2 protein chains.
Amino acid sequence: METFGGEKSRARIAYDWRGGPLARMIRQRLQAARLRPSRQRISLAGLLFVAGDRHVTAEQLHREAQALDMPLSLATVYNTLRQFVASGLIREVAVFGSTVWYDTNTGSHCHYFDEGRQRLEDIPSDLTRDLKIAAPPGYRIVGVDVIVRLRDDETLQ
Amino acid sequence: METFGGEKSRARIAYDWRGGPLARMIRQRLQAARLRPSRQRISLAGLLFVAGDRHVTAEQLHREAQALDMPLSLATVYNTLRQFVASGLIREVAVFGSTVWYDTNTGSHCHYFDEGRQRLEDIPSDLTRDLKIAAPPGYRIVGVDVIVRLRDDETLQ
DNA sequence: TCGCTTTTTAGAATTATTCAAAAAACCCGC
DNA sequence: GCGGGTTTTTTGAATAATTCTAAAAAGCGA
Ligand SMILES: [Mn+2]
Ligand SMILES: [Mn+2]
Ligand SMILES: [Zn+2]
Ligand SMILES: [Zn+2]
């Protein structure tokens, strides 16, 4: 397994992605969002944006970061995710179970949630396009969330 | 404000609803769900079902019960809501913010969530009817949740 | 490099929820 | 009505997710 940035693990790095095209893209996005490109933010953005759309919880992301020897704290993961949401780089998804999910796909789309494996996934076609939603008078719509909850046939008794 | 059941507040009760038609309906529902009609369950079901569809959190319901001198603990509110969900009397709704909402409307329908006032409400027409949802192979759909998040024009800066 | 600002961190605090064990209430046959 | 087995409720502790606080570290521009 490759390792990512951080002073103490420098020796083990196969190659440093932090000069490559992904890092450049990330720096641009952070700059556009007026967030300093700190090492932690770049590391987390790297995890989030390296491989297409992702759906993660704060804990999951922190565990990944630790597995790759990225030196950052859980508090930073929470802070950073909150900032990324605030600046539109990612978005939150509400699911049952009191854990917030973060989604790198900020476009309009809906989700499957696999209750057995606790995994969130995009639904290929954007169902919300079929919805005729109107805001009640005096209100604006700030978001529409559609979750289709699933059980796989085994888990389903 | 009228007061509901409980030994110590008996003197203050204007009239005891626990013999009336609501109580009869509730007893029937509890019986159908194979839940003993304990005083606490009847009290909570009274709050939930007395006035058409409701959307509440456990804390809200507990505060209401206390305001009406119903003698019951927060743990009982949580336990009872869980039991009511398990037996289909009410259902959960997932909303942003790590708090579970409970809905007495168990039919298929969607929700507005007022982020300013933190209130959940039914959307009159069932939008999900317009959705063409398919389960991925090997899965079954166990529920579809649609939340339309709102900000009122004042709250919206 | 210096000085100022922003970010990160560890750990405590908070909030929502669940759990566990004891107490209370309920039910049923006598 | 009364005891005995069962269910329910309660209290208080435990857990999990998240936020807060204050101090340390890092980043940035001159
Ligand atoms: Mn999380
Ligand atoms: Mn609640
Ligand atoms: Zn998504
Ligand atoms: Zn509803």
Side-chain angles (χ1 to χ4, degrees), chain A residues 4-8 10 18 23 26-27 30-31 33-47 56-63 65-66 69-87 89-90 92-102 118 120, chain B residues 4-8 10 18 26-27 30-31 33-45 47 56-63 65-66 69-87 89-90 92-102 118 120:
Chain A
F4 282 66
E7 216 59 50
K8 65 184 168 198
R10 180 150 315 207
R18 288 173 301 167
I26 285 170
R27 280 168 185 282
L30 291 178
Q31 188 163 41
R34 289 217 192 67
L35 293 170
R36 272 198 198 168
S38 70
R39 185 187 302 171
Q40 289 85 342
R41 284 178 183 154
I42 292 178
S43 295
L44 289 174
L47 289 180
V56 294
T57 67
E59 298 285 358
Q60 284 173 0
L61 198 60
H62 185 234
R63 256 181 271 121
Q66 294 200 305
D69 287 331
M70 290 172 171
L72 47 79
S73 71
L74 181 58
T76 296
V77 175
Y78 275 105
N79 290 339
T80 303
L81 287 171
R82 211 147 14 102
Q83 293 160 345
F84 284 9
V85 169
S87 46
L89 294 174
I90 62 177
E92 293 183 8
V93 182
V95 180
F96 280 107
S98 84
T99 297
V100 175
W101 288 76
Y102 295 91
Q118 294 276 119
L120 194 68
Chain B
F4 282 66
E7 217 58 50
K8 63 183 169 200
R10 181 151 316 211
R18 286 173 301 167
I26 286 170
R27 279 168 186 283
L30 291 179
Q31 189 163 40
R34 288 217 192 68
L35 294 171
R36 274 199 198 166
S38 70
R39 186 187 301 170
Q40 288 86 341
R41 284 178 183 155
I42 292 179
S43 296
L44 290 174
L47 289 180
V56 295
T57 67
E59 298 285 359
Q60 283 173 2
L61 198 60
H62 185 235
R63 257 181 269 121
Q66 294 201 304
D69 287 331
M70 291 173 171
L72 47 79
S73 71
L74 181 58
T76 297
V77 175
Y78 275 104
N79 291 338
T80 303
L81 287 172
R82 214 152 5 107
Q83 293 159 346
F84 284 8
V85 168
S87 47
L89 294 174
I90 62 178
E92 293 181 56
V93 182
V95 180
F96 281 106
S98 84
T99 297
V100 175
W101 288 76
Y102 294 91
Q118 293 278 117
L120 195 68

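Numbers restart at 1 for each chain; the letters A, B, ... are given by sequence-line order, proteins then strands. Because the structure is predicted, anything quoted here is derived from the model rather than measured. Below, each value reflects all heavy atoms present in this structure, side chains not excepted, and no hydrogens, waters or symmetry copies.
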Of all the heavy-atom pairs spanning [X] and [Y], show the shortest one and how long it is.
{"X": "B/W101", "Y": "B/Q118", "value": "CH2-O, 3.3 Å"}
{"X": "A/V95", "Y": "B/A94", "value": "C-CB, 3.7 Å"}
{"X": "A/V77", "Y": "A/L44", "value": "CA-CD1, 4.1 Å"}
{"X": "B/S43", "Y": "B/L72", "value": "CB-CD2, 4.3 Å"}

Q | Side chain of A/P37 - closest among D/dC28, C/dA16, D/dT18 | A | D/dC28
How long is the line joining [atom1] of [X] and [atom2] of [N], in whole Å?
{"X": "B/L61", "N": "C/dT17", "atom1": "CG", "atom2": "C1'", "answer": "15 Å"}
{"X": "B/L81", "N": "C/dA16", "atom1": "CG", "atom2": "P", "answer": "14 Å"}
{"X": "B/Q118", "N": "C/dT15", "atom1": "CD", "atom2": "P", "answer": "14 Å"}
{"X": "B/Y78", "N": "C/dA20", "atom1": "OH", "atom2": "P", "answer": "18 Å"}
{"X": "B/R82", "N": "C/dA16", "atom1": "CZ", "atom2": "P", "answer": "16 Å"}

**Q.** Under 4.0 Å protein heavy-atom contact, by nucleotide of nucleotides 7-14 of chain C - B base, S sugar-phosphate only
**A.** SSBB----
Q.
Applying side chain to side chain donor-acceptor pair (under 3.5 Å), can you list everything that pairs with B/S38, at least two apart in sequence or on another chain?
A. none
Q | A/R36: side chain to side chain contact (heavy atoms under 4.5 Å, CB included) partners, not counting sequence neighbours | A | A/R41
